[in-house]
Amino acid sequence: MIPAAFEYAKPASLEEALRLLRDREGEAKILAGGFSLIPLLRYRLAEPGILVDIGGLDGLAYIREQNGEIRIGGRTTHRALETSALIERTSGLWADAAGGIGDPQVRNWGTIGGSIAHADPASDWPAVMLASRGSIVVRSLAGERVIPARDFFIDTFVSAIEPTEILVEVRFPVPPPRSGGAYEKLERKAGDFATAGAAVQVSLGADGTIAAAGVALAAVAQTCIAVNAAESAIVGTGRSSTSGRWPGRWRSAPSAGRWPGRLPERGETTRVSTIHVAVTVNGRSHEGEVEPRRLLVHFLREDLGLTGTHVGCDSSTCGACTVLVDGVSAKSCTMLAVAVDGRAITTIEGMEHGGKLHPLQQAFWDQHGLQCGFCTPGMIVQASWLLEQNPDPTEDEIRHGIAGNLCRCTGYVNIVKAIQQAAGELREQAAPAEPAATA
Ligand code: FES
Ligand code: FES
């Protein structure tokens, strides 16, 4: 489905974004990663008058320790949390959840602020925030509020954020020594929202029993909920030994063309129905006019004629539409074309060089990984991102890395073999040449 028309603005500063929210109160929506909002737009469950894209506010992307808290900027991606040494070192609960949010493409672009502000009862971060007794910082032109997570989630898709406020930061207290936690969820398949999820954080006292606990559930009520009764029930229980050993956290399963068409100045709200966009696609520059509601996948296929990028599910699930945006894999059915202005896109058509197939394309051929052929372009593009991140992945890492690309026909065996073959080929190509033997 195609979203209803809306205006689009990309403010250059938080102040500008806040002014837009004040001036267009009640009809503006914030666009962060887009993975929560764009499906709502597509199903016409949300029809904002204007989208305020905060994708350019890089100052809101950070993870740091301050005053005994971990502070995370609202535009921090799930991927940044998944790969953060600070998170890994500080909180088993957060590290555990970060690797299981959506799928790799969703983690690459989705943001924690977007996820929490969305207040979906089936999403993971709200439960993690409740269990870790975090707080949410929101800002408006009137100032800043710090809202405890336990007062933040009000109803399904309803939070304590006012229409003139932006979520700028989330915080949680650094757990004391001898703490542990985990996030577990039931899901129909990798990348799904939780059918049910549980976040638990506990800290042991000097006597080895549980001194503090946070327990929260996802997808079982109208909002994610803290389970006070479970917390009270387990505090004071546990081992009475003072050996000091704590099992730590446990993880879930491993996580110059032109098309028909003035670029708005940063901060400018446009009321025209199209916006001038300039992008590089497969090394070639393109510029022209696009409607703000045009999805990247439709822009690539219909405006540029690059039909190798497929549309499978149309709902950010199957991965058939995967492309690289500035080298990072993304689902193009869940991105707006106007949001990639100034960026470089790679599609399946850009993978071969000089008439020679990319090693991944060749390996899919050799190993019969093509199978249906429909999902294959997305699989290959996603695999290219995976091998950039990890040139020598294990089978488990490959399966985890392509979890956002669904095969509904034959299975993943030949696909995994193809990626292993290509990984070997690419490593060989990257290896320094042997010095020539001397007589
Ligand atoms: Fe984009 Fe399925 S994920 S079409
Ligand atoms: Fe495309 Fe299985 S290879 S659905």
Side-chain angles (χ1 to χ4, degrees), residues 1-3 31 33-43 78-79 101-110 114 123 187-193 281 293-304 306-325 328-337 339-340 345-349 351 360-386 395 398-422:
M1 284 185 61
I2 311 291
L31 175 66
F35 280 88
S36 301
L37 179 60
I38 290 180
L40 291 186
L41 300 178
R42 298 190 64 157
Y43 300 141
H78 310 307
R79 172 77 179 156
I101 305 291
D103 54 48
Q105 294 97 315
V106 170
R107 292 195 290 277
N108 280 343
W109 294 92
S123 72
E187 51 189 348
R188 285 177 308 161
K189 60 166 187 57
D192 257 352
F193 279 99
V281 181
R293 63 176 169 166
R294 192 136 184 85
L295 296 164
L296 179 56
V297 67
H298 296 145
F299 168 75
L300 292 169
R301 288 177 55 83
E302 293 158 28
D303 296 348
L304 302 188
L306 296 170
T307 52
T309 300
H310 291 164
V311 185
C313 63
D314 231 9
S315 60
S316 197
T317 303
C318 73
C321 63
T322 301
V323 299
L324 303 181
V325 179
V328 180
S329 61
K331 291 182 173 175
S332 58
C333 72
T334 318
M335 276 194 156
L336 299 174
V340 299
I345 316 291
T346 305
T347 68
I348 188 72
E349 290 91 344
M351 293 197 64
L360 272 161
Q361 294 172 302
Q362 186 63 52
F364 269 68
W365 178 277
D366 294 345
Q367 298 293 341
H368 307 289
L370 292 158
Q371 303 175 165
C372 79
F374 188 83
C375 65
T376 310
M379 289 270 186
I380 289 177
V381 173
Q382 175 60 16
S384 72
W385 174 82
L386 169 66
E395 181 178 337
I398 292 173
R399 288 178 179 273
H400 192 55
I402 59 170
N405 295 74
L406 302 187
C407 168
R408 290 150 287 190
C409 65
T410 313
Y412 290 86
V413 172
N414 290 345
I415 293 169
V416 171
K417 278 188 199 162
I419 297 172
Q420 287 169 322
Q421 175 183 316

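Numbering of ligands and ligand atoms starts at 1, following listing order. Residue indices begin at 1 and follow the sequence shown.
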| request: If you have a sec, work out which protein heavy atom is nearest atom 4 (S) of ligand 2 and how many Å separate them, to one decimal? | output: Arg408 N, 3.1 Å
| query | What is the nearest protein non-hydrogen atom to atom 3 (S) of ligand 1, stated with its residue, atom name and distance? | reply | Gly319 N, 3.1 Å
I'd like to check which ligand 2 atoms, numbered from 1 as shown, lie under 4.0 Å from a non-hydrogen atom of [X].
X: Gln371; answer: 2 (Fe), 3 (S)
X: Cys409; answer: 2 (Fe), 3 (S), 4 (S)
X: Cys375; answer: 1 (Fe), 3 (S), 4 (S)

| Where atom 1 (Fe) of ligand 1 is the centre, what is the SG-to-SG angle for Cys333 and Cys321, rounded to 10°? | 110°
Which atoms from ligand 1 have a heavy atom of [X] less than 4.0 Å away?
X: Gly312; value: 4 (S)
X: Ser316; value: 3 (S)
X: Lys331; value: 3 (S)
X: Cys318; value: 2 (Fe), 3 (S), 4 (S)
X: Cys313; value: 2 (Fe), 3 (S), 4 (S)

Which atom of [X] lies closest to which atom of [Y], heavy atoms considered:
X: Cys407; Y: Gln371; value: SG-NE2, 3.7 Å
X: Glu349; Y: Thr309; value: OE2-N, 4.3 Å
X: Thr322; Y: Gly378; value: CB-O, 3.8 Å
X: Ile38; Y: Thr334; value: CD1-O, 3.2 Å

| Donor-acceptor side-chain pairing of Ser329 and Gln382 below 3.5 angstrom | yes
Once you round to the nearest 0.5 Å, how far does [atom1] of [X] lie from [atom2] of [Y]?
X: Leu300; Y: Leu295; atom1: CG; atom2: CG; answer: 10.5 Å
X: Ile2; Y: Leu41; atom1: CD1; atom2: CG; answer: 12.0 Å
X: His310; Y: Arg301; atom1: NE2; atom2: CZ; answer: 6.0 Å

| request: Please state whether the separation between atom 1 (Fe) of ligand 2 and some N/O/S atom of Cys372 is under 2.8 Å? | output: yes
| request: Please confirm if an N, O or S atom belonging to Cys407, backbone or side chain, lies less than 2.8 Å from atom 1 (Fe) of ligand 2. | output: no
| query | ligand 1 versus Thr322, non-hydrogen atoms closer than 4.0 Å: side chain, backbone, both, neither? | reply | neither
| Asp366/Lys417 salt bridge by N-O under 4.0 Å criterion | no
